[in-house]
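Here's the structure we're looking at; comments come further down.
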Amino acid sequence: MTTAALAACAPTPSSGSTSGSGTKTLNLMLASWVDASFIRDVMQKSAADPLGVKLNLMTVDDGTYPAQAAAAQKSGQVPDLIFWTAQGIPSLQAAGVKLADLTSYAKTENQSDFYAQNYKASTIDGKLYGLGFRCNTRGLVYRKDIAEAAGLTAPESWTFDEFGKFATGLNSSSVNGFAFEAKVGDGRASSNFLPLLWSTGAPLVTGGAGSFTIGFSDEQAQKVLQFYYDAVNTWKSTPKDVANWGYQETDSKFAKGTLASYSAGPFVFANVEQYPDTKKNLAVAPLPNAGTPASFWEEHTLMIHQDAPNRDLAEQFLKNMRSVKTQTVIAGREGDAQLSVRPQVNASAITNDVLKGFAKILDTAVVPEPINIAPLMNNAILPAIESVCLGSASVQAAAGTLRTNFQKALDQINHGS
């Protein structure tokens, strides 16, 4: 862990840490990928400066965030605030990081001003452990120039087979119509698989920590695996070597124009910044569905450490980050494109058409179940997707193997091994 201070830190529990000049400071733990301009222009200028606060940054590596947060806690270097994804809360808790229950704080907010998913995303066993300040979702990002040249139009909602015709039509000798992340170990693949599963009406799992059970039937697993099989073998919009593609391949190929569509979020703006043709022709549509439109809710969340030296000041900072003023700043940024957690701000502050499309998709976004999904993806789901893409197993056989391996991984999660 490294500390990049915007101000020196010398904790005093009652009134906020102060530097030698009397300036108050808050210790903020965050991952190294957070954009420096976002910290400077949004977190510091819009939320901290009005409080007379300087942020002291405790920067950690995203891949080992929980372990580093636990180590800081053990050594007495307790942050006031922790900035990560809501989906990371179970991992932090599993590592022993003590997070404050913000349920009482949230009652001071007018919750109708925020998306309902914003509260659900950080709630575990009835307690609220974080509050988001920016969010995103997944849509079918595509090249509108390629679609228009092929006479194709993306509808407001579509089935798997309807999407298949669209994906096939985007194909050419130099461009793949559609692709996805299927490489074992890829961290983004779950945000593509889960909406397809949810669209069948099934959750990934039911129950809670220590007693999770499989939430989907064999038939529902087959529907989703059929989508992956068809993309490669029926629609022929996707190459077979997609089984070895991770987000690096999909992002790069789409930006460079050799991939016409894929499931992505607002992060696509940063990816295509150096490719003017792709940037100019960006378009977004809802993800295809098996009956119920669904997408993926992802948010960046602020948590307060249970032993935060400056709890009251941390809550004031959290309030400013979620204010209309700061949310308007967030919604208006395109360089690190994200969406506001306030629906009305998205409706009034977003001017970019693609971001407007993502904001519309938020209405169908589903909060992922609070479970460590990595072992489920790597040991059960991604191997099954690979087998149908390569044609080494039928959809029916792959679905059966998926459920068997899923149960094995789930047993290990439930037993804490």
Side-chain angles (χ1 to χ4, degrees), residues 1 26-34 58-107 117-135 187 190-191 194 203-213 215 296-311 314-315 317-318 321 341 366-379 409-417:
M1 178 178 67
L26 279 171
N27 293 327
L28 172 65
M29 180 172 284
L30 73 173
S32 57
W33 49 255
V34 180
M58 304 170 67
T59 306
V60 299
D61 180 72
D62 189 71
T64 55
Y65 200 134
Q68 292 183 79
Q73 175 180 282
K74 185 176 181 180
S75 67
Q77 299 180 39
V78 175
D80 296 296
L81 293 149
I82 298 173
F83 166 178
W84 207 25
T85 64
Q87 287 73 35
I89 291 176
S91 298
L92 288 169
Q93 291 182 318
V97 179
K98 298 187 291 183
L99 303 177
D101 180 0
L102 300 180
T103 305
S104 295
Y105 171 83
K107 291 178 181 178
Q117 297 100 315
N118 180 232
Y119 294 98
K120 183 178 180 181
S122 299
T123 298
I124 298 176
D125 296 332
K127 294 183 178 181
L128 183 69
Y129 291 104
L131 283 167
F133 56 89
R134 63 182 185 180
C135 64
S190 62
S191 67
L194 286 171
L204 179 72
V205 295
T206 58
S211 60
F212 287 114
T213 59
F296 186 89
W297 176 274
E298 184 174 46
E299 70 176 32
H300 292 157
T301 299
L302 280 172
M303 296 152 265
I304 297 178
H305 196 280
Q306 185 174 299
D307 299 329
N310 308 300
R311 171 70 180 264
E315 289 186 358
F317 177 80
L318 178 57
M321 284 296 294
V341 292
V366 178
V367 175
E369 293 86 350
I371 188 171
N372 181 7
I373 196 170
L376 301 172
M377 291 296 298
N378 294 333
N379 297 318
L410 202 58
D411 289 343
Q412 291 183 330
I413 292 173
N414 284 332
H415 295 140
S417 57

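Residues L302 and L102 approach most closely at O-CD1, 4.3 Å, considering heavy atoms. Closest approach of A106 and Y119 over heavy atoms only: CB-CE2, 4.0 Å. Summarising the geometry of P66 relative to L92, their closest heavy-atom pair is CA-CD2, 3.8 Å, with the distance given to 0.1 Å. Taking every heavy atom of both residues into account, W297 and Q87 meet most closely at O-NE2, 3.2 Å. Here the closest heavy-atom approach between residue T103 and residue G126 is recorded as OG1-O, 4.2 Å. What you find for P90 and A86 is that their closest heavy atoms are CD-O, 4.1 Å.
Considering only residues two or more places apart in sequence or on other chains, E299 meets the salt bridge (charged side-chain N to carboxylate O under 4.0 Å, His left out) condition with none of them. Residues satisfying the side-chain contact (heavy atoms from CB on, under 4.5 Å) test with A67, not counting sequence neighbours, are none. Taking the ring-ring contact (aromatic ring centres under 6.0 Å, His included) definition, one finds that F317 meets it with nothing, sequence neighbours left out. Not counting sequence neighbours, the partners of F133 by the ring-ring contact (aromatic ring centres under 6.0 Å, His included) test are F83.
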Next on the checklist: With side chain to side chain contact (heavy atoms under 4.5 Å, CB included) as the criterion, how do C135 and N118 come out once you've worked through the C-alpha distance, each side chain's angles and the decisive distance to 0.1 Å?
Outcome noted: CA-CA 8 Å; C135 64; N118 180 232; over 6 Å; no

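Atoms OH and OG1, on Y65 and T85 in that order, are 9.0 Å from each other to the nearest 0.5 Å. Distance check, rounded to the nearest 0.5 Å: CD of Q73 to CD of Q306 gives 8.5 Å. Once rounded to the nearest 0.5 Å, the distance linking OG1 of T206 with CZ of F212 reads 9.0 Å. To the nearest 0.5 angstrom, S122 atom OG is 15.0 Å from K127 atom NZ. In this structure, T301 OG1 and R134 CZ are separated by 10.5 Å, a value rounded to the nearest 0.5 Å. Distance CD/Q77 to CE/M29: 8.0 Å, rounded to 0.5 Å.
Using a 4.5 Å cut-off on side-chain heavy atoms (C-beta onward), N27 and L81 make no contact. Residues D80 and R311 form no side-chain contact, since every pair of their non-hydrogen atoms from C-beta on lies 4.5 Å or further apart. Considering only heavy atoms from C-beta on, V97 comes within 4.5 Å of H305 through its side chain. For the pair T213/N414, no side-chain contact is recorded, criterion being any heavy-atom separation below 4.5 Å from C-beta on. Between L30 and M58 there is no side-chain heavy-atom pair separated by less than 4.5 Å. With a 4.5 Å cut-off on side-chain heavy atoms, I304 and E315 count as touching. Contact of the Q93 side chain with the L99 side chain is registered, since non-hydrogen atoms from C-beta on lie closer than 4.5 Å. Inter-residue side-chain proximity for L410 and V205 is flagged as met; some heavy-atom pair is nearer than 4.5 Å.
Side chain to side chain, D62 and W84 meet the donor-acceptor criterion of an N or O pair below 3.5 Å. A donor-acceptor contact closer than 3.5 angstrom is absent between the side chains of S32 and T59.
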Please tabulate, for side-chain N and O atoms in residues 366-376, each donor-acceptor pair with protein atoms closer than 3.5 Å (sequence neighbours left out).
from : atom 1 : to   : atom 2 : distance (Å)
E369 : OE2    : W198 : NE1    : 3.3
E369 : OE2    : L204 : N      : 2.9
N372 : OD1    : A374 : N      : 3.3

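Within the structure, salt bridge (charged side-chain N to carboxylate O under 4.0 Å, His left out) contacts touching residues 94-105 (residues at least two apart or in different chains) are K98-D307.
Looking only at distances, a side-chain donor or acceptor of S75 sits under 3.5 Å from a matching main-chain atom of A71.
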